[in-house]
Amino acid sequence: VLLVEDETSLLSSLSYYLRSNGFRVTTALDGRAGLRAAQEEHPDIVVLDLMLPKMDGLEVCRRVRAESEVPIIILTARSEEMDRVVGLELGADDYLTKPFSVRELTARIRALLRRSTQRQRTEDTERILIDDLQLDPRGRTVQRRGREITMKPKEFDLLCFLARNTDQVFTRQQLLERVWGYEFYGSGRTVDVHIRWLREKIEDDPSQPRHLLTMRGVGYKFVQRGRNPR
Ligand code: CA
């Protein structure tokens, strides 16, 4: 884990906790050192504060992403909502708002590491099994608890995309680009409507979703609940 954070007390408590949980930790105290460490040490994951001396976290995020697919978690203050959105659009995978618990950070790190190894293994045509859902990208069909669900093409594409990237937050703009394509002139409303339709099809209670979650002020993510799909 590469930790880039200029608050030394936070940095040392995070690295202590992560090391005692079996992670190898490298630290950097400013943006430029963080970028260099990301390039030279090839970490499996980067935890990146946004407010940093020498080079701000957004710039570090942009430059790291230009060269590598390494998962990035950004750390933001509550007042930096805009930066959070920009960070995700620059390619960060997840974010935590300060103050956060180290246990929460560890859980997010594990989830992203699991996902990045899964992604390396999974082919685009492989069936996706998540909890009570079974997605078949080749036949473009979805089954829930063994029963087929009818979906419009974009509902299917959106569900597949989110299901392949579980636990990762996406802004509406990112979803428009990745699912509808850059040439599509839609608004975030298009995404909201499709999410609502999907919730009606895959959630037990669409008003209390357990899988397709809204991240307020940011976007959406798909959460895997159980470890053993039926
Ligand atoms: Ca800072």
Side-chain angles (χ1 to χ4, degrees), residues 1-116 119 165-175 177 188 213-221 223:
V1 180
L2 169 61
L3 288 175
V4 190
E5 166 65 72
D6 60 324
E7 284 169 54
T8 46
S9 57
L10 180 59
L11 187 68
S12 58
S13 64
L14 289 181
S15 28
Y16 176 80
Y17 187 87
L18 289 173
R19 284 194 181 109
S20 60
N21 278 275
F23 292 95
R24 271 177 50 204
V25 179
T26 303
T27 61
L29 281 161
D30 65 67
R32 217 174 293 157
L35 178 62
R36 200 177 328 117
Q39 290 165 333
E40 287 169 5
E41 310 205 13
H42 303 290
D44 293 319
I45 189 160
V46 179
V47 178
L48 178 65
D49 186 31
L50 287 190
M51 296 285 278
L52 290 168
K54 295 192 184 167
M55 180 188 291
D56 76 60
L58 290 175
E59 183 61 16
V60 177
C61 182
R62 196 180 62 77
R63 295 210 197 175
V64 169
R65 185 51 81 241
E67 296 168 5
S68 111
E69 292 274 286
V70 62
I72 301 172
I73 300 177
I74 53 179
L75 306 178
T76 66
R78 205 162 291 281
S79 56
E80 296 165 0
E81 190 174 283
M82 205 43 230
D83 285 350
R84 195 178 309 156
V85 174
V86 174
L88 291 168
E89 285 177 353
L90 287 176
D93 299 272
D94 201 354
Y95 68 91
L96 276 173
T97 308
K98 291 179 179 180
F100 54 85
S101 78
V102 280
R103 290 184 56 185
E104 179 63 21
L105 175 65
T106 311
R108 303 283 186 93
I109 289 175
R110 287 195 206 282
L112 281 176
L113 288 175
R114 200 162 52 228
R115 191 167 57 72
S116 68
R119 188 170 46 191
N165 296 283
T166 48
D167 301 314
Q168 183 173 354
V169 189
F170 294 98
T171 66
R172 291 169 176 80
Q173 187 58 38
Q174 284 175 317
L175 292 172
E177 288 170 6
L213 304 190
T214 302
M215 308 306 287
R216 279 194 61 187
V218 180
Y220 296 104
K221 75 171 171 183
V223 175

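Below, each value reflects all heavy atoms present in this structure, side chains not excepted, and no hydrogens, waters or symmetry copies. Whatever order the structure lists ligands and atoms in, that order sets their numbers, starting from 1.
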Of all the N, O or S atoms in D6, the one nearest to the Ca ion (ligand 1) is OD1
Indicate whether the side chain of Q39 and that of E67 have a donor and an acceptor atom separated by less than 3.5 Å.
yes
How many degrees, to 10°, between M51 O and D49 OD2 as seen from the Ca ion (ligand 1)?
80°
Is E5 close enough to the Ca ion (ligand 1) to have an N, O or S atom under 3.0 Å?
no
Specify the closest pair of heavy atoms between L90 and R65, including all atoms of both residues, with the distance to one decimal.
O-CG, 3.5 Å
Check whether any N, O or S atom of E7 sits under 3.0 Å from the Ca ion (ligand 1).
no
List the atom of D167, the atom of D94, and the distance in Å for their closest heavy-atom pair.
O-OD2, 4.1 Å
For the student: nearest non-hydrogen atoms of L50 and D83, plus distance
CD1-CB, 3.6 Å
